[in-house]
Number of protein chains: 2
Amino acid sequence: MRRSAEAAQLTRDRIVATGVTKTSTDGLYALTIGSLADALGMSKAGVVGPFGSRAGLQFAVLTKAADMFIAAVVAPSMQVESGLPRLRVTIDLWCGYLDSSPFPNGCFVTAASCELDGRPGELRNLLLATVTRWRAFLREQIVIAQTAGDIATTLDADDLVTALTGIAMSANQEIQLLADATAPARARRLMLAAITR
Amino acid sequence: MRRSAEAAQLTRDRIVATGVTKTSTDGLYALTIGSLADALGMSKAGVVGPFGSRAGLQFAVLTKAADMFIAAVVAPSMQVESGLPRLRVTIDLWCGYLDSSPFPNGCFVTAASCELDGRPGELRNLLLATVTRWRAFLREQIVIAQTAGDIATTLDADDLVTALTGIAMSANQEIQLLADATAPARARRLMLAAITR
DNA sequence: TCCTTTAGCGTACGATCGTTCACTATCGAG
DNA sequence: CTCGATAGTGAACGATCGTACGCTAAAGGA
């Protein structure tokens, strides 16, 4: 049973990975079982089986995308000390993620936020938790840096979180829609300027 | 012929208005002829007829939404002189639009940007033109204000455009996804701070 | 080696998708 | 009043949607 269970897990991962790629360009609600089955060379039943339903598949895809964001931007920053050093590393990783993300069509979380913000349900709840944790992480590093005297306490932490996430969102639009190659560097410069003011 | 043509125009407007509302929550690609027909109490053929096809309907909806954004945020600002005065009025209108927009689910343009940025076609072209004109308008007012000595020339105009649009996008997420009622006021304060630095 | 479990396939279901077409009813022009 | 134009209806089409069910084949435990 173990060997086959491992194989099933690999299949599951393959389905989710392809689903994340398709969702990145078309959105979570355009993720259809049939097109995913075609892309994978599998039957529809084989694709949806491990997840029970299309909703389960969407949930797995969003979970995976959130994990990928954390793995790309947050996790590596944990190797440097908290506060300003970690914040600076995070900004570098963040802008690198915006420039050439693991998703073909820009920031998955931002796209999901626009797609899901008006559609109550488990998908929205999962996204809300992800965004809330991400913003809390940023805020925490800012406050630690302020306590250490590395960021001016005249700046409001919530204001900085809004400014930083905003710069990222605007840069994402400049990269994905406006095809502005200078956007990632500008975003990095603006983010660093925002916290060193 | 005139009377009936007017009636046809009213029907067209009614279809587009309902389509804009539905699209605001579900997205352009979830705008379905059947559901729109149900919402309007019309037949599917009657809904899609005036637009030739679903693609034509989507185009009309996006056009209308862009017009509504311009009418809400840009047009009224034309009554004050260009440069800093017009920019300040625009910021007020912009934050008011984010707070209680004519769309039920937040900034239509931002949502469309995320939905369309990876899908080449006429819809994307229309959106790209809209966003480009909007950013050019902001930049123009900034440059005029700088020429008049009302905004420091040490600030880069493109940087300011990125910062302002970013604040708006972040505030949009805070309002729509995070249900943060303080977001509009913070956005206004941050925008004004950005240009008076 | 046999037996149970299960990963994944193939098929079928009803519903809905976008589009087309014949038709009706209404309205303005003559 | 009559007639041509047209806004909108209703039915039908092939395709695709998500889901369910029976099946096959392979794999692990006995």
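In what follows, chains carry the letters A, B, and so on, assigned in the order in which the sequence lines appear, proteins first and then strands, with residues in each chain numbered from 1. Computation of the quantities below employed the complete heavy-atom set of this structure, encompassing side-chain atoms and omitting hydrogens, waters and symmetry-equivalent molecules.
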In whole angstrom, give the distance that lies between atom [atom1] of [X] and atom [atom2] of [N].
X        : N       : atom1 : atom2 : value
Leu57(A) : dT19(D) : CG    : C1'   : 13 Å
Leu10(B) : dG8(D)  : CG    : C1'   : 15 Å
Met42(A) : dC9(C)  : CE    : P     : 5 Å
Leu28(A) : dG18(D) : CG    : P     : 13 Å
Asp38(A) : dC9(C)  : CG    : P     : 12 Å
Gln9(A)  : dG8(C)  : CD    : P     : 10 Å

Hey, could you give me the [atom1]/[atom2] distance between [X] and [Y], rounded to the nearest 0.5 Å?
X        : Y         : atom1 : atom2 : result
Asp92(A) : Leu87(A)  : CG    : CG    : 10.0 Å
Ser24(A) : Met68(A)  : OG    : CE    : 8.5 Å
Thr63(A) : Leu126(A) : OG1   : CG    : 4.5 Å

Handout entry: Verdict with supporting geometry, Leu123(A) and Leu127(A), side chain to side chain contact (heavy atoms under 4.5 Å, CB included)
Key = CA-CA 6 Å; Leu123(A) 285 177; Leu127(A) 178 74; over 6 Å; no

Exercise for the section: Among Tyr97(B), Trp94(B), Phe108(B), find the residue that satisfies the ring-ring contact (aromatic ring centres under 6.0 Å, His included) test when tested with Phe69(B). Expected result: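 Among the candidates, only Tyr97(B) passes.
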
Practice task
Name every residue in residues 11-20 of chain B that has at least one heavy atom under 4.0 Å from any atom of DNA chain C, in order of residue number, or write none if there are no such residues.
Solution key: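 Result for residues 11-20 of chain B: none.
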
Practice task
Write out all pairs satisfying salt bridge (Lys or Arg N to Asp or Glu O under 4.0 Å) with one or both partners inside residues 147-174 of chain B, taking only residues at least two apart or from two chains.
Solution key: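 Sorted result for residues 147-174 of chain B: Arg135(A)-Glu174(B), Arg189(A)-Asp159(B), Arg139(B)-Asp158(B), Glu174(B)-Arg186(B).
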
Practice task
In plain terms, say whether Asp117(B) and Arg124(B) are close enough for a salt bridge, that is, a side-chain N and a carboxylate O under 4.0 Å apart.
Solution key: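 Looking at Arg124(B) together with Asp117(B), the answer is no, because their closest N to O distance does not fall below 4.0 Å.
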
Practice task
Please check if any side-chain donor atom of Thr165(A) sits under 3.5 Å from a side-chain acceptor atom of Ser170(B), or the reverse.
Solution key: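 Distance-only check passes for Thr165(A) and Ser170(B).
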
Completion exercise
Protein-proximity profile, nucleotides 17-23 of chain C, B/S/- by nucleotide at the 4.0 Å heavy-atom cutoff, equals BBBBB--

